[in-house]
Amino acid sequence: MNLGYACLNMTLAKDKITSNRGMIKRTFIAKGLPYCSELALQNARDLFKIVQWNTRNNIKVFRMTSNMFPWMSEYELTDLQDWPKIENILKAIGKHANENDVRLSFHPGPFNILCSPKKEVVEKTIKELDQHSFILDTMGLEVSRKHKVNIHIGGAYGDKETAMKRWIQNFYKLSDSTQKRLTIENDDKVSMYAVEDLLYVSKKTNVPIVFDFHHYDCHPGILTKEQALKSALETWPKDIVPITHYSSSRKIYEDSTVKNVAHADYLYEPIPFTDKYVFDVVLETKMKELSRIKYLKEFTLHETT
DNA sequence: CCAGGTCAAGGGAGT
DNA sequence: ACTCCCTTGACCTGG
């Protein structure tokens with residue numbers, strides 16, 4: 001099992017090394033593409049530093065932030081004036097990832113709703129998802145779930161089956177690369193999608209399921225944890241190690257006043273089933289790579305390379 | 001420099 | 001009807 005983390009490196013962020021530079025709408029309107037380009041260039045340079053830091057620390061799985069290109073649903077990346085420079089950096093990051101067997105992925109935000117009954121929402125979602133896979137393609141990363149773009153179904157509207165049918169229809173409108181990279185994740189709300197729901201979509205489209213342990217605890221559905229994990233893992237292609245998400249409940253371990261779904265700063269239980277099944281893990285803890293270090297100290301873990 | 005308010009989008013839950 | 005939460009904390013303003 002390879003243990004990774006998401007988006008932000010707390011250690012490097014102290015030295016202002018981050019790929020999360022963004023802007024609010026007002027600034028986007030005022031400053032437009034030139035400023036997007038400037039931020040994206042800095043973000044790309046810093047992403048390279050983060051990925052290199054990860055390699056030095058033997059971290060092979062990393063979720064990149066969608067903030068890397070601010071407002072990217074509003075323009076083409078190739079229209080940025082610094083695109084040639086940015087493209088070179090992305091290619092260098094991809095080369096580094098390939099040479100070091102690093103898995104880079106994305107998790108676009110909750111506004112990406114492929115099953116929305118609203119045409120504009122679906123169109124915007126398609127554009128944004130395709131932008132994500134375009135970045136991965138530019139990096140030269142294998143077009144497969146080795147480097148995934150992960151989303152939730154996005155809405156239930158009180159009728160999951162109809163919503164899932166819409167999702168499946170719209171799935172085929174995505175770019176070829178996005179179709180080959182997309183994965184779906186189980187939800188943390190009882191009205192939303194548990195693993196057994198996602199299996200329906202997965203069977204129709206071959207889209208694999210990312211099993212989120214914390215979301216399962218919030219919304220288990222009808223399957224036991226092992227059944228849910230196992231059936232999610234089985235949706236992945238045989239030649240790709242499945243990815244899962246893991247975090248501890250903030251409510252149980254750190255602050256009883258918050259909601260169930262809140263993520264804790266650190267991890268408080270060993271990740272289960274790692275001896276029985278093969279999968280990688282993206283940690284979704286607030287303290288990012290620091291929680292990984294703490295976890296490895298507290299829970300003995302045999303990492304595969 | 002820092003604290004506090006604010007911030008893109010959709011949908012669901014809580015009040 | 002309104003507010004908060006979630007991908008992700010970061011941006012922006014005023015002191």
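What you see is a predicted model, and the numbers here were worked out from it, not measured in a lab.
- What separates CD of A:Q131 from C1' of B:dA8 is a distance of 15 Å, to the nearest Å.
- No contact: A:K16 has no heavy atom under 4.0 Å from any strand.
- Phosphate proximity of C:dT13 to A:R26: present, with a side-chain N or O under 4.0 Å from OP1 or OP2.
- When each of A:N186, A:D187, A:I184 is tested with A:V195 by the rule side-chain contact (heavy atoms from CB on, under 4.5 Å), just one qualifies, namely A:N186.
- The side chain of A:R21 lies closest to C:dC11, out of C:dC11, B:dG11, C:dG9.
- Among the protein residues, A:K118 comes within range of the sugar-phosphate backbone only, with heavy atoms under 4.0 Å from sugar or phosphate atoms but none that close to a base.
- Contacts of A:F106 with the nucleic acid, taken as non-hydrogen atoms under 4.0 Å apart, are absent.
- A distance of about 24 Å separates the P atoms of C:dG9 and B:dG12, rounded to the whole Å.
- The shortest distance between the side-chain N/O atoms of A:K25 and the OP1/OP2 oxygens of C:dC11 is not below 4.0 Å.
- A straight line from CG of A:N43 to C1' of C:dA10 spans 11 Å, rounded to a whole angstrom.
- Across all strands, A:N67 comes closer than 4.0 Å to base atoms (heavy-atom distances).
- Nucleotide C:dT7 has no partner under the Watson-Crick or G-U criteria, as no pair reaches both atom distances under 3.5 Å.
- Nucleotides B:dC1 and C:dT7, compared at atom C1', are 30 Å apart to the nearest Å.
- Pair assignment for C:dG14: B:dC2, on the basis of Watson-Crick or G-U wobble contacts that are both within less than 3.5 Å.
- Proximity of A:S191 to the phosphate of B:dA13: a side-chain N or O atom is located under 4.0 Å from OP1 or OP2.
- In this structure, the CG atom of A:D188 is 12 Å from the C1' atom of C:dT7, given to the nearest Å.
- Between A:T65 and the phosphate of C:dT7, there is no side-chain N or O to OP1/OP2 separation shorter than 4.0 Å.
- Between A:Q227 and A:I222 the shortest heavy-atom distance is OE1-O, 4.5 Å.
- For A:P110, the listed nucleotide lying nearest its side chain is C:dC6; candidates were B:dA9, C:dC6, B:dG11.
- We find that NE2 of A:H214 is positioned 10 Å from P of C:dC6, with the value rounded to whole Å.
- Nucleotides B:dG4 and C:dC6 place their C1' atoms 22 Å apart, quoted to the nearest Å.
- As judged by a 4.0 angstrom heavy-atom cut-off over every strand, A:L8 is placed among residues touching the sugar-phosphate backbone only.
- As a whole-Å value, the separation of A:H132 NE2 from B:dA9 P is 17 Å.
- Comparing A:G158 and A:N112 against DNA chain B, the residue whose closest nucleotide sits nearer the 5' end is A:N112.
- No hydrogens or angles considered: nothing links the side chains of A:H96 and A:Q52 as a donor-acceptor pair under 3.5 Å.
- In this pair, A:F213 and A:Y246 present their aromatic rings perpendicular. The plane angle is above 60°, beyond the 30 to 60° band.
- A:Y193 has its OH atom 11 Å from the P atom of B:dG11, to the nearest Å.
- Counting to the nearest Å, the C1' atom of C:dG9 and the CD1 atom of A:I50 are 14 Å from each other.
- Atom name C1', nucleotides C:dC4 and B:dT6: the rounded distance is 14 Å, in whole Å.
- Taking atom CD1 on A:I151 and atom C1' on B:dG11, their separation rounds to 14 Å, with Å as the unit.
- Closest to the A:M192 side chain, of the nucleotides B:dG11, C:dC12, B:dG12, is B:dG12.
- For the residue pair A:H215 and A:D188, the shortest heavy atom distance occurs at CD2-CB, 3.5 Å.
- A distance below 6.0 Å separates the ring centres of A:H107 and A:H152.
- For the OP1/OP2 pair of C:dC5 and a distance below 4.0 Å, the side-chain nitrogens and oxygens of A:K189 include no atom meeting the criterion.
- Between A:S73 and B:dA8, a side-chain N or O to OP1/OP2 separation shorter than 4.0 Å is absent.
- Checked against C:dC12, B:dA9, B:dG12, the side chain of A:A156 finds its nearest nucleotide in B:dG12.
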Checklist entry - Given the rule in the side chain to side chain contact (heavy atoms under 4.5 Å, CB included) test, do A:K85 and A:D82 qualify, once you have shown the distances and angles that lead to the verdict? => result CA-CA 5 Å; A:K85 284 183 196 168; A:D82 294 306; 4.2 Å; yes
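- Nearest to the side chain of A:F111, among B:dG12, B:dA9, B:dG11, sits B:dA9.
- Closest to the A:K288 side chain, of the nucleotides C:dG9, B:dC7, B:dG11, is C:dG9.
- Of all nucleotides listed (B:dG12, C:dG9, C:dC12), B:dG12 comes nearest to the side chain of A:Y157.
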